2 protein chains.
Amino acid sequence: MKHQVNSRLNDIVSKIKKMGYSLTPQRLEIIKIVSESKSHPSAVDVYDKLRKAYPMISLNTVYKNLSLLSSIHEVKEIRTLQDSVHYDGDISLHGHAICEKCGRIIDVKIDESDFKGFFDAKIKENFKENYYINNYGLEFYGLCGLCYNETASNESISVQS
Amino acid sequence: MKHQVNSRLNDIVSKIKKMGYSLTPQRLEIIKIVSESKSHPSAVDVYDKLRKAYPMISLNTVYKNLSLLSSIHEVKEIRTLQDSVHYDGDISLHGHAICEKCGRIIDVKIDESDFKGFFDAKIKENFKENYYINNYGLEFYGLCGLCYNETASNESISVQS
DNA sequence: TATTATATGATAATGAGTATTATATAAAAA
DNA sequence: TTTTTATATAATACTCATTATCATATAATA
């Protein structure tokens, strides 16, 4: 587990260097935070964590670095139905369940074989002409267990997609 | 085809009335625009179309109505990697291919049977505890044919997810 | 037609994200 | 190690999508 995290960190760091970007302490710390986090933090969340080690860090720096990581595909942006973008340091194949009430984001496991069968078929069917896919998104919007129970006890809901 | 569109309009209108919302001319026009559009317009796009018939319409009114339609699940919000939200009046099962360069959004066909096999399995696997799903999202981010050709001729790209 | 609750439009406010720029510092060369 | 240079950071101001407020208008209902 610890080894996994470190190799992930090393992967990103060497990519950063290989691509000619310099490795500042702030940047390293940001990479650590997103690559180790399981909570899909927003830029402000990352900013708040950073301030412990770097009280003078600028939010701008956080945005710049997260954008950089996203542009080199080492972090995935998650657009929820709420206001801000969230970042996922786990770029392996998976989807997200997003609670429309509390905003919590839960990973949805997808196994590679299922994916190959389904998504590749979608891509083949839909993109006969050249179309360059470099990312995907799979989201389930709804209410998490906690929020569902809360809502159910207060009012009767009857929505259905 | 014309019949399809009209019945869709009627569905939304009767839902609006049944839920106790009043039907203003502006609201009706907004419903018409989004339900008939195939281009996944943003709020401002809808606003611009509206101004032909209602020059005094407020952008605020557009936002309010699109939010209302979204809340009753008659319009789907699409979060792209760009700035603004886009709206889809087609709430049938499908995904979106989003061009990261020009922002164009193309429908990705998904047939119901495939969906049942794949998505339902995902839901069962991941949400053993109660979790209320009322919407989903499936996006392919990349470059559309046009933008891909442009990019390819200018610079060599070697990204791969 | 009168009543009432909701919708609209005008305006201001919010807040996520971006642009700018002077200073600082990582990386590379000497 | 020191110098050089290009990139990164931090502070600040700015943009712009979306939301809030509230007075006025109007749809729905009696």
Side-chain angles (χ1 to χ4, degrees), chain A residues 12-34 40-72 75 77-87 100 103, chain B residues 12-34 40-72 75 77-87 100 103:
Chain A
I12 301 177
V13 166
S14 39
K15 192 167 185 178
I16 287 280
K17 290 191 158 180
K18 195 170 62 186
M19 295 185 81
Y21 299 108
S22 51
L23 189 68
T24 64
Q26 294 96 325
R27 174 164 292 166
L28 181 60
E29 192 64 27
I30 290 170
I31 296 172
K32 273 186 192 164
I33 290 173
V34 283
H40 317 89
S42 68
V44 172
D45 294 335
V46 173
Y47 177 62
D48 288 338
K49 277 193 183 171
L50 267 170
R51 293 169 84 172
K52 288 167 191 159
Y54 297 88
M56 303 306 289
I57 192 93
S58 161
L59 183 54
N60 193 341
T61 301
V62 179
Y63 276 113
K64 279 222 175 108
N65 276 289
L66 291 174
S67 296
L68 173 66
L69 291 169
S70 174
S71 76
I72 64 172
V75 150
E77 298 186 354
I78 309 171
R79 310 267 152 170
T80 70
L81 295 179
Q82 324 240 86
D83 38 11
S84 63
V85 176
H86 290 249
Y87 297 89
E100 290 176 323
Chain B
I12 302 178
V13 167
S14 38
K15 192 167 185 178
I16 288 278
K17 291 193 159 180
K18 194 169 62 183
M19 296 185 81
Y21 299 108
S22 50
L23 190 69
T24 64
Q26 293 94 327
R27 175 164 292 166
L28 181 60
E29 192 64 26
I30 290 170
I31 296 172
K32 272 185 192 162
I33 290 173
V34 283
H40 315 92
S42 68
V44 171
D45 294 335
V46 174
Y47 176 64
D48 288 339
K49 277 193 182 171
L50 267 170
R51 293 169 82 172
K52 287 166 192 158
Y54 297 88
M56 301 307 286
I57 192 94
S58 162
L59 184 52
N60 193 345
T61 300
V62 179
Y63 275 111
K64 280 223 175 106
N65 277 288
L66 291 173
S67 296
L68 173 66
L69 291 170
S70 174
S71 75
I72 64 172
V75 149
E77 298 186 353
I78 309 171
R79 310 267 153 169
T80 70
L81 295 179
Q82 325 240 87
D83 37 14
S84 63
V85 176
H86 289 250
Y87 297 87
E100 290 175 323

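Fair warning: this is a prediction, and the values are worked out from it, not measured in the lab.
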Donor-acceptor contacts under 3.5 Å from residues 44-60 of chain A side chains, at least two apart:
from, atom 1, to, atom 2, distance (Å)
A:Asp45, OD2, A:Ser42, N, 2.9
A:Asp45, OD2, A:Ser42, OG, 3.2
A:Ser58, OG, A:Asn60, N, 3.1

Pairs under 3.5 angstrom only: tabulate donor-acceptor contacts from the side chains of residues 18-26 of chain A to other protein residues two or more places apart or in another chain.
from, atom 1, to, atom 2, distance (Å)
A:Thr24, OG1, A:Arg27, N, 3.0

Problem set entry | Base versus backbone protein contacts along nucleotides 17-24 of chain C [heavy-atom cut-off under 4.0 Å; B, S, -] | BBBB----
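Not one side-chain nitrogen or oxygen of A:Arg27 sits closer than 4.0 Å to the OP1 or OP2 atom of C:dA26.
Taken residue by residue, residues 15-26 of chain A places heavy atoms nearer than 4.0 Å to DNA chain D at A:Tyr21, A:Ser22, A:Thr24, A:Gln26. Non-hydrogen atoms lying under 4.0 Å from DNA chain C are contributed by B:Met56, B:Ile57, B:Ser58, all within residues 51-58 of chain B.
Judged as a side chain to side chain donor-acceptor pair (under 3.5 Å), and not counting sequence neighbours, B:Thr61 has no contacts. In terms of the side chain to side chain donor-acceptor pair (under 3.5 Å) criterion, A:Lys17 has no residue partners (sequence neighbours excluded). Legend: residues meeting ring pair (Phe, Tyr, Trp, His ring centres under 6.0 Å) with A:His86, ordered by chain and number and at least two apart, are absent. For A:Glu100, there are no salt bridge (charged side-chain N to carboxylate O under 4.0 Å, His left out) partners two or more places apart in sequence or in a different chain. Applying the side chain to side chain donor-acceptor pair (under 3.5 Å) rule to B:Glu29 yields no partners; only residues at least two apart in sequence or on another chain are considered.
Among the duplex regions that DNA chain D forms, those built from at least three successive Watson-Crick or G-U pairs under 3.5 Å are C:1-30 with D:1-30, ordered by first number.
A:Ile30 contributes atom CD1, which lies 10.5 Å from atom OH of A:Tyr87 (distance to the nearest 0.5 angstrom). Between atom CG of residue A:Leu69 and atom CD of residue A:Glu77 there is a gap of 10.5 Å, rounded to the nearest 0.5 Å.
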Problem set entry | side chain to side chain contact (heavy atoms under 4.5 Å, CB included) between B:Ile31 and B:Val75, worked out | CA-CA 9 Å; B:Ile31 296 172; B:Val75 149; over 6 Å; no
Problem set entry | CA sep, side-chain torsions, deciding dist, call: A:Val85, A:Thr80, side chain to side chain contact (heavy atoms under 4.5 Å, CB included) | CA-CA 7 Å; A:Val85 176; A:Thr80 70; over 6 Å; no
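Checked by atom type and distance alone, the side chain of B:Ser67 pairs as donor or acceptor with a backbone atom of B:Tyr63 at under 3.5 Å.
Atom CD1 of B:Ile30 is separated from atom P of C:dA7 by 12 Å (rounded to the nearest Å). For B:Leu28 and C:dA7, the CG to P distance is 15 Å, given to the nearest whole Å. Across the protein-nucleic acid pair, A:Asn65 atom CG and D:dA10 atom C1' stand 13 Å apart, rounded to whole Å.
Of all heavy-atom pairs spanning B:Leu68 and B:Ser71, the tightest one is O-OG, 2.7 Å.
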